[in-house]
Every structure is written in C-alpha cells, then in structure tokens.
Amino acid sequence: MRGQSIPEGVTPMPEDRLPSRAEDFSEWYNQLVLRAELADYAPVRGCMVVRPYGWALWEAITRELDRRFKATGHVNAGFPMFIPKSFLEKEKEHVEGFSPELAVVTIGGGEELEEPLAVRPTSETIIGHMYAKWVKSYRDLPILINLWNSVVRWEKRTKLFLRTTEFYWQEGHTAHATAQEADEETLRMLDIYADFAENEAAVPVIRGRKSDSEKFAGAACTYAIEAMMGDGKALQSATSHNLGQNFAKAFNIQYLDEQNSQQYAWTTSWGLSTRFIGAIIMVHGDDTGLILPPRLAPTQAVIVPIWRKEEEKSAVTEKALQLEQELRQTYRVRVDLRDGLTPGYKFNDWEMRGVPVRIEIGPRDLAAGTVALARRDRPGREGKTTAAWDGLPQSVGALLDEIQLALLARAKKFRDDHTQDPADYDGFRGAVEQGFAVSWWCGDAACEEKVKEDTKATIRCIPLEQPDGKGRCLVCGKDASRKAVFGKAY
RNA sequence: CGGGGUGUAGCGCAGUUGGCAGCGCACUGCGUUUGGGACGCAGGAGUCGGCGGUUCAAGUCCGCCCACCCCGACCA
C-alpha cells in the first residue's frame with residue numbers, strides 16, 4: 001500500500017489525526033473532505049456545499065479544461081435548468097436510464113404547471129430540441145457547444161464529490177454532418193480528458209470503451225477514462241459519448257447536404273464533473289491529508305514564518321512577505337501570518353490541505369540567507385531541503401515540477417502494482433479484490449454478468465490500446481479478440 | 001429501496017436505579033509562548049433529532065416519525 005505512516009518527529013493528538021487509509025478508507029475520505037474544508041454537507045439530502053477551498057480546486061480544473069475546449073474550437077453557452085418532462089421521454093433508452101432519478105417541478109408561481117418540468121439530469125434532450133431549430137444546412141455544422149452548469153440526479157446513495165444529488169460539471173454537445181466526424185470528436189474529447197487527467201491532475205487513466213451494459217443511456221457508444229483510487233477501486237473520471245443519430249432522430253435534427261437531400265445529424269456529448277475532485281483526493285492523498293498536484297493546487301506554496309522573540313518576529317515577517325512578493329509573480333503562494341499558532345500546528349494544517357510546497361523561514365534562515373523547503377509528497381525530514389533566497393523562484397518552480405511528475409509516477413506505479421493478468425478464474429477473483437484484472441473477454445454480456453455476480457467487479461472499460469493476438473475468454477473460454485479491464489468501481 | 005448503526009454545545013464523547021446538563025478539543029478575552037499539533041487564568045456556548053405517552057419528575061422508560069452514516073441492488 002502507498003499509505004505512509006505518520007512522518008517522523010510528528011506526534012499528532014489522537015483526535016486530530018485522520019483515520020488511516022488502510023484502517024478505513026471510506027472514513028478517511030469523508031473526514032478529509034470535511035477537515036480540509038473542501039466541502040460540507042448541505043441541509044438537503046445528498047447535496048453538498050463546495051467550500052471556497054474546494055471551489056478553488058474546481059476552478060483550476062475548469063480553467064484547464066476550458067482552455068483545451070476552446071483550443072479545439074468549442075464555445076460556451078448557457079441552457080435552462082428546467083426541461084419539459086416530455087423531452088426526456090423522446091429517446092427510449094434515455095428515458096429508461098434517467099426517469100428513476102429525476103427531480104420534477106410541478107408547481108410554479110403557486111400554480112400547478114400544465115407540463116411538469118424536470119430539473120436537468122443532463123442536457124441532451126433540450127440540446128436536441130434547440131439544435132433541431134438551428135440546423136438547416138450542412139453549412140450550419142458542426143456545432144460545438146459546451147455548458148458549465150450543475151445537474152440533479154436523485155441518487156439512492158450519495159458521497160461527497162463522488163455521487164451527490166446535485167453536482168457541477170461541464171457537458172459538451174456537438175452535432176456533425178458525418179458519422180466519422182462525430183466519432184473523431186468523441187475520441188478527441190476523450191484524449192483531452194486523458195491529457196488533462198495525467199498532465200494537470202497527475203492522475204493516470206486508461207482510455208477505453210464501455211461495454212453495452214455500462215454505456216450512457218441513449219448513446220451508440222460510450223468512451224471513458226478510468227482511474228484507480230488508493231484503495232484499488234476504479235473511478236470513471238470522465239466520459240465521452242458518440243450518440244450516433246439517436247438524438248438527432250428523436251429530436252429531428254436534420255440538414256440538407258450538398259446533394260440537397262435531408263440527412264440526420266450525428267451528435268456527441270462528453271462530461272467531467274466535480275467527481276474528479278474525488279479522484280484527486282483518493283489517488284494522491286495520504287494519512288496526513290490531501291496532496292494536491294502542483295498544477296491544480298489553489299495554493300502551490302505556503303510560507304510559514306517562525307520566531308522566538310518579538311524583534312525576530314518583525315524581521316522574519318518582513319522577509320517572508322518580501323519572498324512572497326517575489327514568488328507571487330509566477331506562483332500561487334501565501335504567507336501564514338496567523339497569530340497564536342505554533343509553526344508545528346501550521347505545518348500539519350497545510351499538510352492536511354495538501355499544499356505541495358512549504359517554505360519555512362526563521363531566525364536561523366535569516367542569518368544564513370536561506371529557507372527550508374518541504375515537499376508534501378515526502379513526509380517529515382526526508383522531504384526537507386535548504387534553499388537560498390537567491391534564485392528561490394527557480395528552486396520552488398523546479399520543486400513543483402518535480403512533485404508533479406513524482407505524483408504521476410507514484411500513482412502509475414501503484415496502479416501497475418495492483419493490476420494483474422490472472423491466469424485463471426480463481427486468480428481473477430483475487431485480482432479484482434485488490435485492483436484491476438486485465439483479461440480476455442469474448443464480448444458476451446452473460447460473461448460480464450457472471451463476473452459481476454461472482455465478484456462484484458464490472459468491466460471498467462475495453463482499453464483502446466490492445467495487445468496483438470487473441471486469447472480465450474476468462475469466463476467461458478471461447479475465443480476472444482479483446483482484453484477488458486475489470487475492477488470494483490465507485 | 002432492503003440490512004445495520006448513530007443522533008446530548010461547532011467537533012468528539014460521558015451521563016449510573018428516572019432526581020440541578022457534563023468532560024475534552026475548538027471558540028472569545030488577557031498574559032506567557034512559537035524550527036513538527038504550546039501553556040495559564042477568566043469566559044461564552046444546549047429545543048439532549050422531532051412529536052406524543054407514562055410519571056410528582058424523562059437525556060434516561062414506551063410509541064411513532066425524521067435525519068445522517070456504513071453495508072448491499074442503480075448511477076458521472
């Protein structure tokens with residue numbers, strides 16, 4: 001396991017310590033979210049309040065995704081949160097998938113509504129309605145729109161960030177003239193998610209296709225990126241759907257092609273939600289708290305001033321503020337000037353919040369022209385070095401880059417160490433108990449179902465990258481041409 | 001929606017046979033402290049989850065309800 005013990009030289013008070021990840025991963029997660037002040041329980045069942053620190057993390061995520069969306073030609077728009085209930089009923093699979101979890105408004109302005117309004121669980125239907133209005137000619141295509149909003153799904157069982165009644169996300173909706181274009185779009189967005197996850201969040205992911213039983217209600221084909229959490233379970237971290245012509249037909253999105261004949265458009269949708277914050281927590285966090293990837297951390301470095309006497313206080317504070325000014329040009333940095341708290345308390349506090357780099361400056365540093373740099377991903381003394389004031393921005397920058405890469409490498413190693421290619425079904429059962437099993441699958445839903453009944457594990461995805469050759473289905477022994485990733489999922 | 005658990009100060013909990021509502025942490029003020037979770041003194045803080053019942057008297061006993069958490073079936 002990657003869970004570190006409490007760093008050397010630290011003796012936390014028992015009630016201040018998180019439950020260890022090995023002891024109770026779920027409780028570790030719940031308490032960490034609350035204590036790091038990412039989110040809190042709202043007074044409405046299953047809903048959360050995203051607190052400023054959590055929202056700052058979400059803003060960093062939105063910033064990076066939005067940049068990528070715009071770079072690939074997408075534009076943002078706003079669509080209503082209310083959707084006529086009848087819209088949800090137009091696409092057969094879509095209704096079946098979403099009706100059990102709809103919130104419906106029946107009264108408006110004190111009067112019963114003629115048609116109930118669903119609070120959007122996702123916007124495919126209202127998008128379909130509007131695109132039908134907007135699309136007349138092949139010249140109107142493609143439409144590449146993204147929405148930043150929140151949606152509501154009445155989930156039976158909720159957990160902060162991972163599955164809440166209302167959650168924040170982005171949903172992209174595109175319409176294209178050809179099947180090929182739609183397919184390219186679907187895969188392009190999957191790649192953007194994968195690139196974001198690995199390079200910004202340091203979360204290694206497997207790009208793959210969902211099996212029919214796991215695909216989005218109404219999609220022709222669903223792709224997803226799957227990540228392994230610190231307890232070996234899988235988290236679907238983003239999805240990209242090729243909707244084929246299903247919604248185009250249900251909502252009559254038609255255009256005249258160059259030969260002047262009516263054609264149905266091909267549409268896609270793709271999303272990443274606040275669930276991803278859960279992935280960051282569960283992939284990187286340790287027993288002392290969060291570990292945020294430097295590129296997304298709301299605060300990349302925190303300066304903790306240390307003093308004994310009053311005259312030291314002013315000198316240390318002055319230097320700390322000066323260094324902050326210098327670092328602030330390039331990095332998100334802050335000085336912890338809170339009075340009446342010991343440095344030790346502050347160290348633990350910022351570690352709980354996952355700030356990647358801590359800069360300590362005290363009287364000894366003042367005399368030497370140095371600071372102590374502590375990296376969050378290596379606990380205790382091991383992660384501490386000394387750096388000169390001169391060139392500090394460069395030192396901090398290098399350290400942040402190093403941490404970013406180290407986090408990705410560590411997460412990848414953890415995933416690989418917990419991924420097996422079991423030789424037989426018995427081995428398979430063991431493999432999915434502690435992580436992923438990558439096994440040949442014949443493609444039959446019955447084999448998938450048997451695995452689920454036997455082990456609670458599901459096909460997380462059929463990876464896009466496949467080995468050469470063929471094998472025998474792990475379950476039924478018939479010929480199989482693809483390997484699938486099996487695992488227990490959140 | 002089934003199974004289990006918990007509801008007492010912001011958090012964690014104690015509360016005996018029914019008899020004045022408590023402890024630790026956090027919080028406020030003052031002072032001393034500050035290189036890995038400081039200390040002293042003085043304070044503030046409660047619809048004991050809700051409703052009803054038994055009783056002279058209910059946090060405690062009885063009934064009903066609600067909320068939340070955990071475990072299972074459905075989902076980003």
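The sequence lines fix the lettering, A, B, ..., with proteins before strands; numbering per chain opens at 1.
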task: Compare side-chain N and O positions of A:R35 against OP1 and OP2 of B:C11 and report whether any pair is under 4.0 Å apart.
output: no
message: If I pick the P atom on B:A38 and the same atom on B:A45, what distance separates them, to the nearest angstrom?
response: 28 Å
- prompt: Where the side chain of A:N348 is concerned, which of B:G35, B:C75, B:G37 is the nearest nucleotide?
  reply: B:G37
query: Would you call the rings of A:W169 and A:F167 parallel, tilted or perpendicular if under 30° counts as parallel and over 60° as perpendicular?
result: perpendicular
Show me the donor-acceptor pairs within less than 3.5 Å that the side chains of residues 217-225 of chain A make with the rest of the protein, sequence neighbours left out.
residue : atom : partner : partner atom : Å
A:T222  : OG1  : A:F216  : N            : 3.0
A:T222  : OG1  : A:H241  : ND1          : 2.8

message: Applying a 4.0 Å non-hydrogen cut-off, can you work out what A:T164 is touching in the nucleic acid: base, sugar-phosphate, or nothing?
response: base
Distance, rounded to the nearest Å, where A:E155 contributes CD and B:C1 contributes P: 15 Å
- prompt: Between A:T72 (side chain) and A:F69 (backbone), is there a donor-acceptor pair under 3.5 Å?
  reply: yes
field: Reported OG1-to-CD distance for the pair A:T268 and A:E184, which is rounded to 0.5 angstrom
entry: 12.0 Å
- prompt: Between A:E101 and A:E27, who's closer to the 5' end of RNA chain B by nearest nucleotide?
  reply: A:E27
- request: Establish whether the base of B:G2 is bridged to the side chain of A:K156 by a donor-acceptor pair shorter than 3.5 Å.
  value: no
- request: Specify the separation, in whole Å, of atom NZ of A:K488 and atom C1' of B:C75.
  value: 18 Å
message: Quick check on B:U34: is either OP1 or OP2 less than 4.0 Å from any side-chain nitrogen or oxygen of A:R308?
response: yes
message: Given 3.5 Å as the limit, does a donor-acceptor pair link the side chain of A:T317 with the main chain of A:S314, or not?
response: no
field: Stacking of A:W169 on B:A76 base (centres under 5.5 Å, planes under 30°)
entry: no
- prompt: Can you tell me if the side-chain N/O atoms of A:S26 get under 4.0 Å from OP1 or OP2 in B:C70?
  reply: yes
- prompt: Which part of the nucleic acid, if any, lies within reach of A:L162 when heavy atoms closer than 4.0 Å are counted: base, sugar-phosphate only, or nothing?
  reply: base
message: Taking any heavy-atom pair under 4.0 Å as a contact, classify A:S273: base, sugar-phosphate, or nothing.
response: base
field: P-based separation of B:G50 from B:A67 [nearest Å]
entry: 15 Å
statement: Against the side chain of A:Y345, the closest entry in B:C74, B:A38, B:G36 is B:A38
- request: In whole angstrom, give me the gap between the C1' atoms of B:A76 and B:C39.
  value: 50 Å
- prompt: Tell me: CD1 of A:I361 to P of B:G36, nearest whole Å?
  reply: 16 Å
- prompt: Paired with B:C74: which nucleotide, if any, by Watson-Crick or G-U wobble criteria at under 3.5 Å for both distances?
  reply: none
- prompt: Is there a donor-acceptor contact under 3.5 Å from the side chain of A:S237 to the main chain of A:L235?
  reply: yes
Rounded distance in Å - CG (A:L102) to P (B:C75): 14 Å
- line: Among B:A76, B:G35, B:A73, the one nearest any side-chain atom of A:K456 is B:A73
message: Counting only side-chain nitrogens and oxygens, does A:N30 get under 4.0 Å of the OP1 or OP2 atom of B:C68?
response: no
task: Would you mind pulling out the nucleotide paired to B:G43, Watson-Crick or G-U wobble, both distances under 3.5 Å?
output: B:C27
query: So, the side chain of A:W270 versus the backbone of A:L187: is there a donor-acceptor pair under 3.5 Å, distance only?
result: no
message: Between B:G18 and B:G29, how far apart are the two P atoms, rounded to whole Å?
response: 44 Å
query: So which nucleotide does B:A14 pair with, by the Watson-Crick or G-U wobble rule with both distances under 3.5 Å?
result: none
- request: Using atom types as modelled and distance alone, determine if a side-chain donor or acceptor of A:T164 lies under 3.5 Å from a backbone N or O of A:L160.
  value: no
A:F486/A:F428 under ring pair (Phe, Tyr, Trp, His ring centres under 6.0 Å): CA gap, chis, key distance, verdict: CA-CA 9 Å; A:F486 293 80; A:F428 178 86; 5.0 Å; yes
- line: The nucleotide from B:C71, B:A38, B:G36 with an atom nearest the side chain of A:T342 is B:A38
statement: Whichever of A:E360 and A:G97 has the more 5' nearest nucleotide on RNA chain B, that residue is A:E360
query: Quick one: which of B:G35, B:A76, B:G36 gets closest to the side chain of A:K384?
result: B:G36
- request: Look at the side chain of A:R163 against the base of B:C75 and say whether a donor-acceptor pair falls under 3.5 Å; ignore hydrogens and angles.
  value: yes
- prompt: A:A238 near the nucleic acid: base, sugar-phosphate alone, or nothing, with a heavy-atom cut-off under 4.0 Å?
  reply: nothing
statement: pair_partner(B:A67), Watson-Crick or wobble, both distances < 3.5 Å, evaluates to B:U6
- prompt: Whole Å only: how far is the CZ atom of A:F216 from the P atom of B:C74?
  reply: 18 Å
message: Regarding A:G271, tell me which of base, sugar-phosphate or nothing describes its non-hydrogen contacts under 4.0 Å with the strands shown.
response: nothing
- prompt: Tell me: CD1 of A:I306 to P of B:A38, nearest whole Å?
  reply: 13 Å
- prompt: Should B:G52 form a Watson-Crick or G-U wobble pair with both distances under 3.5 Å, which nucleotide is its partner?
  reply: B:C62
query: Which part of the nucleic acid does A:R358 contact within heavy-atom distance under 4.0 Å: base, sugar-phosphate only, or nothing?
result: base
query: When we call it a touch if two heavy atoms are under 4.0 Å apart, what does A:K309 touch: a base, just sugar-phosphate, or nothing?
result: nothing
- prompt: A:K159 side chain N/O closer than 4.0 Å to the phosphate oxygens (OP1, OP2) of B:C70?
  reply: yes
message: Between C1' on B:C70 and CG on A:D24, what's the gap in Å once rounded to a whole number?
response: 9 Å
statement: Among the nucleotides B:G35, B:A76, B:G37, whichever has the atom closest to the side chain of A:P343 is B:G35
message: Output the rounded distance in Å from CG (A:D231) to P (B:C70).
response: 13 Å
Pairing of A:E89 and A:K85 as salt bridge, 4.0 angstrom limit: yes
Rounded distance in Å between the C1' positions of B:A58 and B:C48: 11 Å
- request: Would you mind classifying the nucleic acid contact of A:Y41 as base, sugar-phosphate or nothing, using non-hydrogen atoms under 4.0 angstrom?
  value: sugar-phosphate
- prompt: Roughly how far apart, to the nearest Å, are B:C68 and B:U28 at atom C1'?
  reply: 31 Å
query: Base, sugar-phosphate, or nothing for A:P100, non-hydrogen atoms under 4.0 angstrom?
result: nothing
message: Base, sugar-phosphate or nothing for A:L341? Non-hydrogen atoms, less than 4.0 Å.
response: base
message: Please report the distance separating the C1' of B:G12 from the corresponding atom of B:U8, rounded so that it comes out in whole Å.
response: 12 Å
- prompt: B:C13 and B:G7: how far apart are their P atoms, nearest whole angstrom?
  reply: 8 Å
message: At less than 3.5 Å, do the side-chain atoms of A:D349 and the base atoms of B:G37 form a donor-acceptor pair?
response: no
